[in-house]
Visitor: 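One structure, as structure tokens, below. Some questions next.
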Amino acid sequence: MAKSKFEYVRNFEVQDTCLPHCWVVVRLDGRNFHRFAEEHNFAKPNDSRALHLMTKCAQTVMEELEDIVIAYGQSDEYSFVFRKKSNWFKRRASKFMTLVASQFASSYVFYWRDYFEDQPLRYPPGFDGRVVLYPSNQTLKDYLSWRQADCHINNLYNTVFWALIQQSGLTPVQAQQRLKGTLTADKNEILFSEFHINYNNEPHMYRKGTVLVWQKVEEVRTQEVRLPAEMEGEKKAVARTRTRVVALNCDLIGDAFWKEHPEILAEEN
Ligand code: DGT
Ligand code: MG
Ligand code: MG
Ligand code: MG
């Protein structure tokens, strides 16, 4: 077919192929969620409805898109890891990033009512996205560890900060002053001695964030089986193995998780 004289503009498009053999990570983060959380009356410091909605959206992303082997989320962010040898959309970074962000954002609106029953959605939320390549299993593990360490540091700080405000009546400025220069041990001590909170007993979802992985599940269903020679249908239990996305609130930093789930880093999956 003859090309039009306008065809040359195609050459203005940039190449954004992700380097081969690298893990491709897409991280999304809620746009101005400080305000979004205020406007939608999120519980402080953690709103379990909001966190579960984020995870529902991430599950949808993993199920709808190709080649995501693990995802990790906390606060208003989620990271998605595409397998090293994925050739989805010829590894174009813009395709990965925009498909993850749009699928996630539309899911956030679509599923909002299931999690926030009495709280109307007051304006459309947005999510920024970025693509980062990790060239080895170690750098990928360190990336996920970094996000989980961030979750821990922020959650410990926020737990004490809001206890000082909600239970001791401090103003935000006073609470901030009180926590200035404190170390982890100091924050744990304030929680324990002033609020009888053992930080280690706080919910795992708040302390560790959420890890999404594929898991094989045996599904048993009763099915009507019609044998050719017979007219009568027969009910039979049919078992089949399916993979589905499961949410875990576990540690990613130690070796235990990676030993329990060797298939995630083993390529050729
Ligand atoms: P950005 O990402 O630069 O557009 O701005 P923000 O405001 O989204 O900042 P970011 O992503 O660093 O921080 C996340 C904000 O979301 C933070 O202000 C607290 C809020 N947020 C996230 N999860 C919760 C929650 O469960 N409860 C409450 N109250 N706020 C939350
Ligand atoms: Mg941000
Ligand atoms: Mg944000
Ligand atoms: Mg954030």
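All ligand and atom numbering here is 1-based and tracks the order in the structure. Quick caveat: nothing in here was measured; it's all calculated off a predicted structure. The chain is numbered in sequence order, starting from 1.
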Visitor: Are Leu19 and Met97 joined in one hydrophobic group, where the rule is that I, L, V, M, F, W and Y side chains link up if heavy atoms are under 4.5 Å apart?
Guide: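 Linked, Leu19 and Met97 end up in one cluster.
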Visitor: I'd like to check which ligand 1 atoms, numbered from 1 as shown, lie under 4.0 Å from a non-hydrogen atom of Asn46.
Guide: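 With Asn46 as reference, the close atoms of ligand 1 come out as 26 (O).
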Visitor: So His261 and Phe257, would you call those rings parallel, tilted or perpendicular, with 30° and 60° as cut-offs?
Guide: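 Ring orientation of His261 relative to Phe257: tilted.
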Visitor: Main chain of Pro125, side chain of Arg31: is a donor-acceptor contact present, judged purely on distance under 3.5 Å?
Guide: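 No: the side chain of Arg31 does not pair with the backbone of Pro125.
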Visitor: So, is the end of the Arg35 side chain (NZ or CZ) under 6.0 Å from the ring centre of Tyr123 and within 45° of the ring's axis?
Guide: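 Yes, Arg35 lies over the aromatic ring of Tyr123.
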Visitor: Output the list of atoms in ligand 1 that are nearer than 4.0 Å to some heavy atom of His34, sorted by atom number.
Guide: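 Those atoms are 6 (P), 7 (O), 8 (O), 15 (C), 16 (O), 18 (O).
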Visitor: Please classify the Asp47 to ligand 1 contact at 4.0 Å (heavy-atom distances, strictly less than): side chain, backbone, both or neither.
Guide: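 Both the backbone and the side chain of Asp47 come within reach of ligand 1.
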Visitor: Is the Mg ion (ligand 4) under 2.8 Å from any N, O or S atom of Asp29?
Guide: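 Short answer: yes, at least one N, O or S atom is under the cut-off.
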Visitor: If the cut-off is 4.0 Å to any non-hydrogen atom of Arg31, which atoms of ligand 1 fall inside it?
Guide: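 Numbered from 1, ligand 1 contributes 4 (O).
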Visitor: Under 4.0 Å, heavy atoms only, figure out whether ligand 1 is touched by the backbone of Ala37, its side chain, both or neither.
Guide: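 The side chain, only.
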Visitor: I want to check something: taking the side chain as every heavy atom from C-beta on, are Tyr111 and Gln59 in contact at a cut-off of under 4.5 Å?
Guide: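 No. Closest side-chain heavy atoms not under 4.5 Å.
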Visitor: Give, for atom OG1 of Thr159 and atom CG of Asn46, the distance between the pair rounded to the nearest 0.5 Å.
Guide: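 Rounded to the nearest 0.5 Å, the OG1-CG separation comes out at 6.0 Å.
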Visitor: Give the intermediate values and the outcome of side chain to side chain contact (heavy atoms under 4.5 Å, CB included) for residues Glu189 and Val160.
Guide: CA-CA 10 Å; Glu189 182 54 29; Val160 197; over 6 Å; no
Visitor: Could you tell me which N, O or S atom of Asp76 is nearest to the Mg ion (ligand 4)?
Guide: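 The Mg ion (ligand 4) is closest to the Asp76 atom OD1, counting only N, O or S.
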Visitor: Give yes if a backbone or side-chain nitrogen or oxygen of Asp128 is under 3.5 Å from a nitrogen or oxygen of ligand 1, and no if not.
Guide: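 No; every N/O pair is 3.5 Å or more apart.
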Visitor: Asn32 to ligand 1: N or O pair under 3.5 Å?
Guide: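 Right, the criterion is met.
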Visitor: Is there any N or O on Ala43 that sits under 3.5 Å from an N or O of ligand 1?
Guide: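 By distance alone, the answer is yes.
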Visitor: Just going by heavy-atom distances, which of Asn154, Leu28, Asp29 is nearest to atom 2 (O) of ligand 1?
Guide: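 Heavy atom nearest to atom 2 (O) of ligand 1 belongs to Asp29.
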Visitor: Of the choices Pro125, Ser75, Gly126, which has the non-hydrogen atom that lies closest to atom 23 (N) of ligand 1?
Guide: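 Nearest heavy atom to atom 23 (N) of ligand 1 lies in Ser75.
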Visitor: With side chains defined as the heavy atoms from C-beta onward, is the minimum distance between Trp88 and Leu65 less than 4.5 Å?
Guide: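 Result yes, sub-4.5 Å side-chain heavy-atom pair found.
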Visitor: Kindly indicate whether the side chain of Gln148, heavy atoms from C-beta on, has any atom under 4.5 Å from the side chain of Gln74.
Guide: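 They are not in side-chain contact.
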Visitor: As an exercise, identify every atom of ligand 1 less than 4.0 angstrom from a heavy atom of Pro45.
Guide: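 Every atom of ligand 1 under 4.0 Å from some heavy atom of Pro45: 25 (C), 26 (O), 27 (N), 28 (C).
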Visitor: Using non-hydrogen atoms of the residue, decide whether Ala50 is closer than 4.0 angstrom to ligand 1.
Guide: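 It does not, in that no heavy atom of Ala50 comes within the 4.0 Å cut-off of ligand 1.
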Visitor: Has Arg31 got an N, O or S atom lying less than 2.8 Å from the Mg ion (ligand 3)?
Guide: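 Not a single backbone or side-chain N, O or S atom of Arg31 is under 2.8 Å from the Mg ion (ligand 3).
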Visitor: For Asn155 and Tyr199, does a side-chain donor sit closer than 3.5 Å to a side-chain acceptor?
Guide: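 Result is yes, a qualifying pair exists.
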Visitor: Which of the atoms of ligand 1 are close to Gly30, meaning less than 4.0 Å from one of its heavy atoms?
Guide: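 Checking each atom against Gly30, I get 1 (P), 2 (O), 4 (O), 8 (O).
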